[in-house]
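Input: a single structure, listed below in structure tokens.
In what follows, chains carry the letters A, B, and so on, assigned in the order in which the sequence lines appear, proteins first and then strands, with residues in each chain numbered from 1.
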Protein chains: 2
Amino acid sequence: MTKVKESSTRNYNKGIAEMTCPITYVMNKIGGHWKTIILYYLISGPKRYGELKRLIPAITEKMLIQHLKQLQEDNLINRKAEDIVPPHVVYSLTPSGEELGPVLLAMAEWAIKDSAKYAGFTATADTCVK
Amino acid sequence: MTKVKESSTRNYNKGIAEMTCPITYVMNKIGGHWKTIILYYLISGPKRYGELKRLIPAITEKMLIQHLKQLQEDNLINRKAEDIVPPHVVYSLTPSGEELGPVLLAMAEWAIKDSAKYAGFTATADTCVK
DNA sequence: ATAACTACTTACTTTGGGGTAGGTACTTGT
DNA sequence: ACAAGTACCTACCCCAAAGTAAGTAGTTAT
């Protein structure tokens, strides 16, 4: 009967939700603005760190690496580093990541269709994919 | 030629990104933990405010209303209020929202499949839908 | 010798999403 | 008279996510 505190409500709810709600499970893995974009770019094939940086100019290096790490931890991407003098690191989708591909493409399709309703949006299917 | 400041870089990038990246467009509408869950519950049919509250016990009233409003503004849900004495408000998906349904279901399917790989996750297809 | 390239790391600051805890208006039930 | 139920609103606070800006190591190019 000791005092338990540790700002419990929040953590408790998060844990429960992730265990029981598939949508929450997904959002914990791809939520947060950058992860989906990174994954989206990787659908079209493995990319080097620098390539991703150039493809997503708005992202900061810190954010890119941070999310690449999290995506690795969540088993959505692989990191292959060659131990040579100018570093050469390639990121690619894992099988789990590949399976997410169609979902991301469906999201993009919806965006293009939906944005067309309101005009002022000029994206095409490969704006992000390149 | 007056002073324009308004912490511009961030807003500028956000605007550009939303106009050119379909994935960002989607995430601006359904990102942020609760929106997808609310939409997911509405797939199975219109629901009253109180129903949603009961279906998603972890959400606070503030968050529920806040996101319902944003979803309205983003044209994903309808709000139908009868002007009677005990208020009666029903939320339902708009056509745009309906079109997002399959995407959300695909996300959920992926979650169930993916979580099965690691065990410790016991969700089924209707854990959230009820 | 100095800049440029690679893929990072670290320290510091800001911002806004989310939580807590109250209140509102109006009616029905006891 | 007072609680209970409906669907909200408001002010305040906190923390984690995101941004800023700098540094690291080792090599090649000028």
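B:Q72 has its CD atom 14 Å from the P atom of D:dA7, to the nearest Å. Between the P atom of C:dT27 and the CG atom of B:D83 lies a distance of 11 Å, rounded to the nearest Å. Atom NE2 in A:H33 sits about 15 Å away from atom P in D:dA17, given to the nearest Å. In this structure, CG of A:L52 is placed 10 Å from P of C:dA7, rounded to the nearest angstrom. Protein atom CD1 of A:I84 is 12 Å distant from nucleotide atom P of C:dT6, rounded to whole Å. In this structure, B:M63 atom CE and D:dC15 atom C1' are separated by 14 Å, rounded to whole Å. Between the CG atom of A:L55 and the P atom of C:dA7 there is a distance of 13 Å, rounded to whole Å. Distance, B:E82 CD to C:dC26 P: 19 Å, rounded to whole Å.
Between B:H67 and the phosphate of C:dG18, there is a side-chain N or O to OP1/OP2 separation shorter than 4.0 Å. For A:R48, a side-chain nitrogen or oxygen approaches OP1 or OP2 of C:dA7 to under 4.0 Å. Put simply, B:R54 has a side-chain N or O that comes within less than 4.0 Å of OP1 or OP2 on D:dT6. Using a 4.0 Å cut-off, some side-chain N or O of B:Y91 falls inside it from OP1 or OP2 of D:dC8. The phosphate of D:dC9 (OP1 or OP2) has a side-chain N or O of B:K69 nearer than 4.0 angstrom.
Residues B:V85 and B:V89 are members of separate hydrophobic clusters, defined by side-chain heavy-atom contacts under 4.5 angstrom among Ile, Leu, Val, Met, Phe, Trp and Tyr. Residues A:I43 and A:I38 share a single hydrophobic cluster, defined by chaining ILVMFWY side chains whose heavy atoms lie under 4.5 Å apart. A:L39 and A:M63 fall within a single hydrophobic cluster, where Ile, Leu, Val, Met, Phe, Trp and Tyr side chains are chained together by heavy-atom contacts under 4.5 Å. Taking hydrophobic clusters as Ile, Leu, Val, Met, Phe, Trp and Tyr residues chained together by side-chain heavy-atom distances below 4.5 Å, B:I84 does not share a cluster with B:Y49.
No hydrogens or angles considered: a donor-acceptor pair under 3.5 Å links the side chains of A:D114 and B:S96.
As judged by a 4.0 angstrom heavy-atom cut-off over every strand, B:P87 is placed among the base-contacting residues. At a threshold of 4.0 angstrom between heavy atoms, the contacts of B:K53 with the nucleic acid are absent.
Looking at which nucleotide of DNA chain D each of A:V85 and B:Y49 is closest to, the 5′-most match is held by B:Y49. Comparing B:I59 and A:G50 along DNA chain C, the residue whose closest nucleotide (by nearest heavy atom) sits nearer the 5' end is A:G50. Map A:K62 and B:P86 each onto its nearest nucleotide of DNA chain D; the residue landing nearer the 5' end is B:P86.
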### Query
How far apart are the C-alpha atoms of A:L68 and A:R79, what are their side-chain angles, what is the distance that settles it, and do they pass the side-chain contact (heavy atoms from CB on, under 4.5 Å) test?
CA-CA 9 Å; A:L68 285 170; A:R79 196 189 101 114; over 6 Å; no
### Worked check of side-chain contact (heavy atoms from CB on, under 4.5 Å) between A:I37 and A:I59
CA-CA 10 Å; A:I37 296 175; A:I59 201 174; over 6 Å; no
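Evaluated for a side-chain contact (heavy atoms from CB on, under 4.5 Å) with A:P46, the options A:V90, A:N78, A:I77, A:L93 yield exactly one hit, A:V90.
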### Query
Reading DNA chain D 5' to 3', how would its secondary structure be written in dot-bracket notation, given Watson-Crick and G-U pairs with both distances under 3.5 Å, brackets [ ] for crossing pairs and | for partners on other strands?
|||||.||||||||||||||||||.|||||
